[in-house]
Amino acid sequence: MDFAARFHRLVGDDVLFPQGWDCHGLPTEVKVEENQGIHRTDVPREEFRDLCIEHTESQIGAMRDTMDTLGFSIDWDHEFRTMDPEYWGETQRSFVQMADSDYVYQNEHPVNWCPRCETAIADAEVETEEGIEGTLYYITFPGVSEAGDPSDSATESQDIEIATTRPELLAACVSMAVHPDDERYTDRIGDTFEVPLFGQEVELIADDEVDSDFGTGAVMICTFGDKQDVDWWAEYDLDLRMVFSEDGQLTGLAGEYEGLTIDEAKNEIAADLDAEGYLVDREPTEQNVGQCWRCDTPIEILSKEQWFVEVRQDEILETAQEVEWIPEHMYGRLEEWTEGMEWDWVISRQRVFATPIPAWHCQDCGHTHIAEAAELPVKPPETDPAIGACPECGSEHWRGETDVMDTWMDSSISPLLVQGWPEEPFTPATLRPQGHDIIRTWAFYTLLRSAAVEDQIPWEEILINGMVFGDDGNKMSKSRDNFVQPETVVEEYSADAFRQAIALGGQPGTDIQFQWKEVTSAARFETKVWNITRFVAQQLDEERDPLPDPAYRDVDRWILSKCSRVAADVREDMEQYRFDAALRTLRNFVWHDLADDYLELVKGRLYEGRPGERDAAQQALFRTVSASLRMLAPFAPFLSEEAYRSLPGTEGSVHAADWPDLEVVDEDAETAGDLIAEVASTVRGWKSDTGLALNAPLERVEVYPDEDLSVPVDTYDLSEAASAPVHIREGVPAVELVPVDVEPDHSVIGPKFRDQAGQVVAALETMDPGTVESQKTVDGEIQVDLDNEVAVIPGEAVEVVEEHRAESGEEVVVLDSEIGTILVYE
RNA sequence: GGGUUCGUGGUCUAGGUUGGUUAUGACACCUCCUUGACAUGGAGGAGGCCGGCGGUUCAAAUCCGCCCGAACCCA
């Protein structure tokens with residue numbers, strides 16, 4: 001996040017904030033096919049690739065514009081794109097390196113296959129069409145009694161009936177399954193049956209995934225009818241019977257049915273089953289069918305040679321544990337995902353726009369050769385390997401690998417490449433920001449890869465941010481019409497307001513809702529800041545020499561002390577990525593302490609103070625405003641920059657400045673200042689309430705603080721602000737004091753009286769406040785009558801609330817405030 | 001079905017780890033106020049059984065259990 005980058009620059013860290021573009025992938029190919037009205041096999045690979053690059057470049061351009069508009073402080077010198085040969089060459093290098101350390105291997109693996117397009121397609125390309133009409137066939141599988149097997153000899157296996165919509169897959173049947181709780185079949189599990197027409201023997205297994213209510217409650221498992229079959233095949237380590245070829249015809253395994261299409265086979269096999277008496281019944285049914293998104297042909301699942309990367313779970317988890325997760329519980333997601341991994345990572349894709357797998361297959365002996373590091377980057381289908389002849393058989397006939405890599409192979413090495421790998425020694429990046437939706441991909445693969453390639457953590461901290469939702473709380477989408485383009489916000493308000501709204505959305509890890517009202521309040525705050533700066537700039541002399549030792553008054557010391565406290569708090573929040581809390585604290589300070597209180601208090605001095613007095617106020621103002629602008633810079637880079645430059649006495653850019661470090665925490669001044677601010681705002685509020693002008697002169701104001709002050713309070717500015725002489729008095733004001741209420745301190749009474757506490761408090765509250773008050777002042781403790789005993793409460797455990805009333809005949813107004821009593825003589 | 005996170009005035013949100021007096025702020029709403037940075041401002045007000053039930057405790061928004069509801073990830 002940009003907030004963090006900007007903040008760390010201010011505190012003096014050397015920040016590398018690169019931007020990478022993950023270009024490759026299916027969505028781009030699809031988009032290009034759509035725009036061009038072509039299929040990727042219609043044009044040569046290279047041409048299609050170029051079209052993708054072109055499209056991606058325009059996308060990147062648009063996104064970069066947005067980022068600039070929003071003020072992202074990206075280090076564009078370190079921009080990279082995974083589609084550039086400089087990048088994907090390194091992706092290949094990491095592949096070669098992982099192949100050398102035996103992470104990479106080839107194996108058969110089921111893929112979605114479109115028989116018409118004759119290509120593998122990704123899950124994302126499979127569209128599920130619901131409610132397709134089909135026929136459900138009920139087929140009898142004869143039981144096999146195995147002679148010589150004692151467990152079977154007692155109870156001879158009987159026939160079992162299954163239901164399927166795909167009789168053409170009988171030849172591929174490798175097992176049968178029922179639900180373990182299905183009473184119809186409990187004693188049959190483990191029995192063997194014979195597949196009709198084809199004769200192979202299969203075992204009945206039990207699995208929770210079987211739907212007992214469907215058909216007969218028993219299903220056949222084929223390689224492969226659907227994804228479920230794939231899971232079972234892997235889980236139970238079943239045989240592989242490939243019954244379809246790539247063009248959708250039955251293979252030799254189907255015996256006499258070889259060469260038929262799927263539909264032909266379905267009809268013929270169904271007819272033969274009927275003829276042989278295996279077909280018990282057929283009924284119409286509705287089913288969901290996976291189809292090719294492009295041609296609507298039903299998808300088949302075929303097993304194809306694929307490239308894999310071994311997932312070493314322990315290694316990944318160990319690496320992940322060394323990383324600090326923010327928020328912590330997000331580690332749990334990765335852990336769960338990692339532990340649940342059943343298959344290794346299939347990295348090969350039968351696509352075009354991606355990093356080519358740098359390998360060749362010898363056409364004569366089948367040997368697979370992986371490229372040497374020196375010849376990278378390389379595009380195998382176009383180039384022969386540097387090695388020349390096959391090391392196994394000496395042949396020079398190579399078939400370049402046409403498969404390409406999963407795009408996560410690109411993006412999962414970005415931390416390495418950013419650091420100059422492989423030339424430079426790798427040091428982990430400090431921070432990785434990413435969304436929680438891609439923990440199982442980006443974070444997972446990056447951990448895997450940096451552990452595998454460099455045996456290191458990729459980054460020290462990983463900050464998981466939430467998704468941004470629309471104003472109505474739903475995920476942004478065109479159909480919901482809650483899509484908010486950042487540009488729209490920038491046009492109507494400003495980029496800084498947009499940034500603030502996002503920052504305030506919530507803490508890291510939680511999804512945040514975009515809210516126009518946050519933009520509104522942010523925009524108001526900006527106006528406020530701008531006006532403050534303008535006012536202060538006006539009050540500062542252009543050629544003002546900083547004073548070595550200004551004659552600060554209490555309020556000056558107060559605002560400076562508060563400011564340094566705020567700087568420390570904000571800094572702490574920023575370090576923990578609590579941007580919401582940081583901005584909140586900052587806003588509160590600027591708006592209320594600085595603008596509402598301090599500015600009002602020093603106006604008198606600024607307008608007509610003596611030179612020395614004025615200088616001190618100017619100096620304090622300058623330091624506070626300058627510090628505030630610097631703290632605001634990460635959130636509102638544009639506004640703070642302009643304001644900072646317009647403030648006389650600042651040099652250069654606010655973004656090149658240092659984080660404020662005023663080092664003037666002054667407890668006494670804060671006590672005095674809080675009192676002054678409170679009195680000023682109480683008097684101001686009273687004037688406002690009574691309809692007086694805020695600068696209406698008063699005869700005299702007397703302040704009686706509740707607690708004795710340890711320090712003298714300087715009323716110079718207060719008198720100016722109140723337009724009246726202000727005196728701080730000790731003791732009790734000469735007005736009637738009427739106790740009206742008692743407030744027990746539960747944290748004292750609770751532990752002291754334990755289970756009696758409720759009773760004590762209740763009794764206390766029924767007492768006359770005057771009695772409580774007198775007992776408290778005379779004895780230092782209060783006696784409370786309970787039902788049959790007397791409880792003694794220490795005086796400090798009870799607060800007596802008193803109200804002041806002016807003695808009759810005197811022209812005085814009594815104001816109660818948080819810090820004490822204020823008497824106003826008009 | 002499994003996992004994770006969450007449920008706080010009309011809306012959004014802070015606080016929750018460390019239980020304790022009056023639960024924070026913003027936006028919207030109502031009343032009043034042109035006063036020399038700012039009406040994109042200022043002063044004040046109304047509005048909450050802190051999702052529900054139960055438990056621990058003198059005391060629960062906060063800790064524990066269950067339930068209901070939402071979102072996300074996985075199956």
Side-chain angles (χ1 to χ4, degrees), chain A residues 208-209 227-228 231 327-337 339-342 435-441 464 466-467 469 471-475 493 497 500-501 504-507 509-539 578 580-581 583-585 587-588 591-592 594-596 599-600 603-604 606-608 621 625 681-696 723 741-761 797-799 801 818:
Chain A
D208 291 339
E209 296 295 326
K227 295 219 123 187
Q228 184 63 61
D231 288 342
E328 220 174 316
H329 68 255
M330 289 296 180
Y331 168 75
R333 285 210 186 176
L334 181 102
E335 186 177 54
E336 197 209 346
W337 173 253
E339 285 173 351
M341 290 285 289
E342 282 168 18
H436 61 64
D437 52 336
I438 47 177
I439 288 176
R440 63 194 184 86
T441 48
I464 309 293
M467 313 274 94
F469 288 154
D471 213 351
D472 57 358
N474 286 310
K475 207 181 257 186
Y493 293 90
Q500 290 182 57
L504 280 180
Q507 34 190 305
T510 55
D511 292 332
I512 62 176
Q513 222 181 92
F514 174 81
Q515 289 183 89
W516 280 103
K517 66 188 182 66
E518 292 296 350
V519 181
T520 312
S521 71
R524 285 189 194 167
F525 176 65
E526 285 183 42
T527 315
K528 194 80 184 176
V529 169
W530 180 245
N531 283 319
I532 292 167
T533 316
R534 213 177 50 179
F535 172 71
V536 172
Q538 227 171 53
Q539 295 300 327
R578 287 299 307 266
D580 57 327
L583 184 53
R584 229 190 303 278
T585 308
R587 268 201 202 180
N588 198 52
W591 206 314
H592 297 111
L594 175 59
D596 287 350
L599 226 51
E600 296 301 330
K603 268 182 184 170
L606 290 171
Y607 293 143
E608 48 217 53
L621 262 184
V625 172
S681 97
T682 307
V683 172
R684 217 177 333 135
W686 170 74
K687 281 182 173 176
S688 170
D689 282 349
T690 51
L692 285 171
L694 289 191
N695 57 359
S723 310
D741 201 10
V742 289
E743 277 181 4
D745 183 346
H746 294 265
S747 65
V748 176
I749 295 176
K752 188 171 166 66
F753 295 97
R754 312 299 296 178
D755 52 356
Q756 277 187 312
Q759 224 183 336
V760 171
V761 170
V798 180
E799 194 84 12
V801 181
E818 279 177 27

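Order of the sequence lines fixes the chain letters, A, B, ..., with proteins taken first and strands second; residue numbering starts at 1 for each chain.
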Please list, for nucleotides 3-6 of chain B, all pairs of protein and nucleotide N/O atoms separated by less than 3.5 Å.
from, atom 1, to, atom 2, distance (Å)
B:G3, O2', A:Glu336, OE1, 3.3

N/O-N/O pairs, protein side and nucleotides 34-36 of chain B side, under 3.5 Å:
from, atom 1, to, atom 2, distance (Å)
B:G36, O6, A:Asn695, ND2, 3.4

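Between B:A46 and B:G52, the distance separating the two P atoms is 24 Å to the nearest Å. To the nearest whole angstrom, the two C1' atoms, one in B:C49 and one in B:G9, are 13 Å apart. Comparing the P positions of B:A75 and B:A28 gives a spacing of 45 Å, expressed to the nearest Å. Taking atom P on both nucleotides, B:C6 is separated from B:G15 by 11 Å, rounded to a whole Å. Between the P atoms of B:C50 and B:U8, the separation comes to 11 Å (whole Å). When the P atom is compared between B:U34 and B:U24, the two are found 30 Å apart, to the nearest whole Å. B:C63 and B:U17 are spaced 5 Å apart, taking the P atom of each and rounding to whole Å. With C1' as the reference atom, B:A14 and B:G25 are 7 Å apart, rounded to whole Å.
Rounded to an integer number of Å, the gap from A:Glu526 CD to B:G41 P is 13 Å. Atom-to-atom, CD of A:Gln515 to P of B:U13 comes out at 7 Å; the value is rounded to the nearest Å. Across the protein-nucleic acid pair, A:His592 atom NE2 and B:G42 atom P stand 7 Å apart, rounded to whole Å. If you take CG of A:Asp596 and P of B:C33, they are 20 Å apart, rounded to a whole angstrom. Taking atom CD on A:Gln513 and atom P on B:U8, their separation rounds to 12 Å, with Å as the unit. Protein atom CD1 of A:Ile532 is 12 Å distant from nucleotide atom C1' of B:G41, rounded to whole Å. Between the CZ atom of A:Phe525 and the P atom of B:G41 there is a distance of 13 Å, given to the nearest Å. The nearest whole Å value for the distance from the CG atom in A:Leu583 to the P atom in B:A14 is 14 Å.
Residue A:Glu328 places its CD atom among 12 or fewer non-hydrogen atoms of other residues, nucleotides or ligands, all under 6.0 Å distant.
In this structure, the nucleotide among B:A14, B:C73, B:C38 sitting nearest to the side chain of A:Lys528 is B:C38. Listed nucleotides B:C73, B:G15, B:U13 differ in distance to A:Arg578; the shortest reach to its side chain belongs to B:G15. Side chain of A:Thr527, nearest nucleotide from B:A71, B:U40, B:C38: B:U40. Nearest nucleotide to the A:Arg524 side chain, out of B:G42, B:A28, B:C12: B:A28. Checking B:C73, B:A37, B:A28 against the side-chain heavy atoms of A:Leu599 singles out B:A37 as nearest.
A:Trp530 comes within 4.0 angstrom of nothing in the nucleic acid, heavy atoms only. Contacts of A:Ala595 with the nucleic acid, taken as non-hydrogen atoms under 4.0 Å apart, include base atoms. Base engagement by A:Glu600 is indicated by at least one non-hydrogen atom pair under 4.0 Å involving a base atom. Note on A:Ile439: nothing from the nucleic acid sits closer than 4.0 angstrom, heavy atoms only. Within 4.0 Å (heavy atoms only), A:Ser521 reaches sugar-phosphate atoms of the nucleic acid but no base atom. Counting any heavy atom pair closer than 4.0 Å across all strands shown, A:Arg587 reaches no nucleic acid atom.
Here the side chain of A:Asn588 pairs no donor or acceptor atom with the backbone of A:Arg584 at under 3.5 angstrom.
Of all non-hydrogen atoms in A:Ala523 and A:Ala497, the two that sit nearest each other are N-CB, 4.1 Å. Of all heavy-atom pairs spanning A:Gln515 and A:Ala501, the tightest one is O-CB, 4.5 Å.
The line from CD of A:Gln538 to OG1 of A:Thr533 is 11.5 Å long, rounded to the nearest 0.5 Å. To the nearest 0.5 Å, atom CZ of residue A:Arg534 and atom CD1 of residue A:Ile532 are 11.5 Å apart. Remark: A:Trp337 CH2 to A:Ile439 CD1 distance equals 11.5 Å, nearest 0.5 Å. Of the inter-residue distances, the one linking A:Gln539 atom CD with A:Leu621 atom CG reads 8.0 Å to the nearest 0.5 angstrom.
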Given Watson-Crick and G-U pairs under 3.5 Å, RNA chain B in dot-bracket ([ ] crossing, | other strand) is (((((((..(((.......[....))).(((((.......))))).....(((((..]....)))))))))))).
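Using a 4.5 Å heavy-atom threshold, the side chains of A:Arg587 and A:Leu504 count as touching.
Residue order along RNA chain B, read from the 5' end via each residue's closest nucleotide, puts A:Thr520 first among A:Ala523 and A:Thr520. Along RNA chain B, the nucleotide nearest to A:Asn531 and the one nearest to A:Trp591 differ in position, and the one closer to the 5' end is contacted by A:Asn531.
A:Glu336 has no carboxylate O lying under 4.0 Å from a charged side-chain N of A:Arg333, or vice versa, which leaves the two without a salt bridge.
Under the 30°/60° scheme for interplanar angles, the aromatic rings of A:Tyr493 and A:Trp516 are found to be tilted.
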